[in-house]
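This report refers to the structure that appears directly beneath it.
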Amino acid sequence: MDETVAEFFRRTILKIPMTEMMTILKAWNFLSENQLQTVNFRQRKESLVQDLVLLCQEKHASLNDAALLDIVCGDTDLFDMEQFKNSFKKILQRALKNVTVSFRDAEENAVWIRIAWGTQYRKPNQYKPAYVVYYSQTPYAFTSSSQLKSNLPLLAQALTIASKHHQIVKMDLRSRYLDSLKAIVFKQYNQTFETHNSTTPLQERSLGLDINMDSRIIHENKIEKERVQRVTQEIFGDYPQPRLEFAQYKLETKFKSDLNGGILADREEPLRCLVKFSSPHLLEALKSLAPAGIADAPLSPLLTCIPNKGMNYFKIRDK
């Protein structure tokens with residue numbers, strides 16, 4: 001692939017919004033799923049574009065392939081937000097007579113939707129509306145909590161049909177902070193939240209050592225603290241984390257013992273328990289545990305996988 005084609009690829013990919021990057025690349029269908037999985041979509045856009053261009057070079061992409069990508073981008077731009085609004089509203093009003101729907105356009109191809117739910121016999125309750133934020137050309141919508149849980153399937157159906165997606169992805173992820181939810185779902189949190197220079201070498205950072213300690217102990221402590229800092233940075237990155245307030249784990253296990261008999265051993269039903277971690281800023285709190293000496297490094301993957309898995313509700317069962 002010559003420099004002219006590579007530059008065309010670079011400029012075409014640069015104009016794709018980060019929230020739509022994965023959707024468009026999959027629609028293009030040139031790079032395989034395995035190839036896309038090797039790309040870090042959480043890095044800065046310039047670095048991401050460079051990685052994608054390199055993948056195209058390795059696959060010997062042609063000018064025709066680049067032109068097809070440009071066409072796919074154009075098709076995405078043709079998404080009609082007004083058509084989405086009309087379709088979404090009609091679907092709800094046909095299924096449920098007493099419902100009012102209002103829209104407000106937002107940045108990044110997003111639309112805020114306010115829904116006042118009623119019933120077949122009651123007018124919409126304007127004092128307890130539900131809110132939805134939908135990003136065009138994606139299978140994701142962010143919803144506020146609603147007292148009428150029975151209407152959630154109808155809401156999902158309206159979003160699916162109006163957005164022309166096969167399904168709206170359901171994720172076990174909750175937070176009061178929309179920017180954090182959006183950053184986790186679209187794998188952008190190092191761009192959305194990065195606010196400081198991350199180039200400071202580990203050895204230049206304060207390790208909190210007592211200058212009156214024995215030099216051998218200082219040396220061992222310094223090595224260990226540098227290891228902890230390095231491991232923590234590899235797991236969490238060197239940027240502020242998305243803001244979540246809790247993570248919840250439902251555990252189901254059966255009692256295991258080498259001894260025969262016993263009440264618990266004969267129990268057919270699994271033992272159940274609920275573990276919940278909460279903090280005003282949970283991921284930052286987890287990130288600080290090992291450097292503060294409160295926990296060993298690395299932390300359990302059950303705690304560190306929250307942003308990558310895009311969930312803070314977990315169900316853990318025996319295999």
Side-chain angles (χ1 to χ4, degrees), residues 13-26 36-52 76 79 104-113 130-145 159 163 165 167-199 232-248 277-289 299 301-314:
I13 299 172
L14 268 175
K15 70 181 183 181
I16 303 175
M18 288 294 289
T19 54
E20 301 173 14
M21 186 70 73
M22 182 63 80
T23 301
I24 290 177
L25 291 175
K26 287 184 176 179
L36 292 177
Q37 288 178 358
T38 65
V39 179
N40 179 12
F41 284 89
R42 296 173 297 170
Q43 59 185 315
R44 290 184 178 278
K45 191 170 187 178
E46 293 78 6
S47 301
L48 172 60
V49 170
Q50 184 62 32
D51 289 348
L52 290 171
T76 300
F79 177 82
R104 182 174 71 83
D105 292 331
E107 72 288 344
E108 297 183 12
N109 300 320
V111 59
W112 280 75
I113 309 172
Y131 294 93
V132 180
V133 182
Y134 173 69
Y135 288 84
S136 65
Q137 294 298 308
T138 74
Y140 299 105
F142 304 90
T143 65
S144 65
S145 58
L159 286 169
S163 65
H165 273 280
Q167 65 175 352
I168 295 296
V169 178
K170 182 179 179 181
M171 303 179 70
D172 294 319
L173 180 67
R174 297 182 188 177
S175 173
R176 297 179 181 178
Y177 302 92
L178 177 60
D179 284 344
S180 293
L181 290 174
K182 183 179 68 174
I184 290 175
V185 169
F186 295 128
K187 306 296 184 184
Q188 294 177 311
Y189 52 86
N190 58 338
Q191 296 179 34
T192 305
F193 296 90
E194 188 165 6
T195 58
H196 65 279
N197 188 349
S198 62
T199 60
T232 300
Q233 182 175 329
E234 289 173 355
I235 294 174
F236 290 96
D238 195 23
Y239 39 79
Q241 301 295 301
R243 192 163 186 175
L244 301 176
E245 302 87 37
F246 68 91
Q248 181 173 295
F277 296 87
S278 60
S279 168
H281 203 328
L282 178 66
L283 294 180
E284 283 291 347
L286 293 175
K287 183 178 178 180
S288 67
L289 288 178
L299 296 178
L302 288 172
L303 297 174
T304 59
C305 73
I306 294 172
N308 287 332
K309 285 188 176 293
M311 58 192 300
N312 55 353
Y313 278 81
F314 296 87

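Hydrogens, waters and symmetry mates play no part in the numbers below; they use all other heavy atoms, side chains included. Position 1 is the first residue of the sequence; numbering continues from there.
Taking each heavy atom of Q43 and D51 in turn, the nearest pair found is NE2-OD2, 2.7 Å. Closest of all the heavy-atom pairs between Y313 and R174 is OH-NH1, 2.9 Å. Taking each heavy atom of L283 and P242 in turn, the nearest pair found is CD1-O, 3.4 Å. Listed here is the closest heavy atom pair of I168 and S163: CD1-OG, 4.0 Å. Contact record, L303 with F277: CD2-CE1, 3.9 Å, taken as the closest heavy-atom pair.
Rounding to the nearest 0.5 Å places OH of Y134 at 11.5 Å from OH of Y140. How far OH of Y177 is from CG of L244: 10.0 Å, rounded to the nearest 0.5 Å. Atom CE of M311 sits about 8.5 Å away from atom CE of M171, to the nearest 0.5 Å. One finds the CG atom of D238 at 4.5 Å from the CD atom of Q233 (value rounded to the nearest 0.5 Å). The distance from the CD1 atom of I235 to the CG atom of N308 is 10.5 Å, given to the nearest 0.5 Å. How far CD1 of I113 is from CG of L159: 6.0 Å, rounded to the nearest 0.5 Å.
Using a 4.5 Å heavy-atom threshold, the side chains of L48 and N40 count as separate. Contact of the V133 side chain with the V111 side chain is not registered, since no non-hydrogen atoms from C-beta on lie closer than 4.5 Å. By the 4.5 Å heavy-atom criterion applied to side chains, D172 and N312 are not counted as neighbours. Residues L36 and F41 are in side-chain contact: their nearest non-hydrogen atoms beyond the backbone lie under 4.5 Å apart. By the 4.5 Å heavy-atom criterion applied to side chains, E284 and F236 are not counted as neighbours. Taking the side chain as every heavy atom from C-beta outward, K45 and V49 approach each other to under 4.5 Å. Considering only heavy atoms from C-beta on, F186 stays 4.5 Å or farther from M22 through its side chain. At a threshold of 4.5 Å between non-hydrogen side-chain atoms, the residues V39 and L25 do not count as touching.
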>> Let's go through L286 and L299 carefully: what are the C-alpha distance in whole Å and the side-chain angles of both, what is the deciding distance for side-chain contact (heavy atoms from CB on, under 4.5 Å) to 0.1 Å, and is it a yes or a no?
In response: CA-CA 8 Å; L286 293 175; L299 296 178; 4.2 Å; yes
>> The test is side-chain contact (heavy atoms from CB on, under 4.5 Å); show your working for F142 and Y131 and say whether it passes.
In response: CA-CA 8 Å; F142 304 90; Y131 294 93; over 6 Å; no
>> Using the rule given for side-chain contact (heavy atoms from CB on, under 4.5 Å), can you reason through F246 versus S279, listing the C-alpha separation, both sets of side-chain angles and the distance that settles it, and then say yes or no?
In response: CA-CA 6 Å; F246 68 91; S279 168; over 6 Å; no
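Remark: the backbone N or O of L302 is not paired with any side-chain donor or acceptor of K309 at under 3.5 angstrom.
When the side-chain hydrogen bond (donor to acceptor under 3.5 Å, both in side chains) test is applied to S175, the partners found at least two apart in sequence or on another chain are E245.
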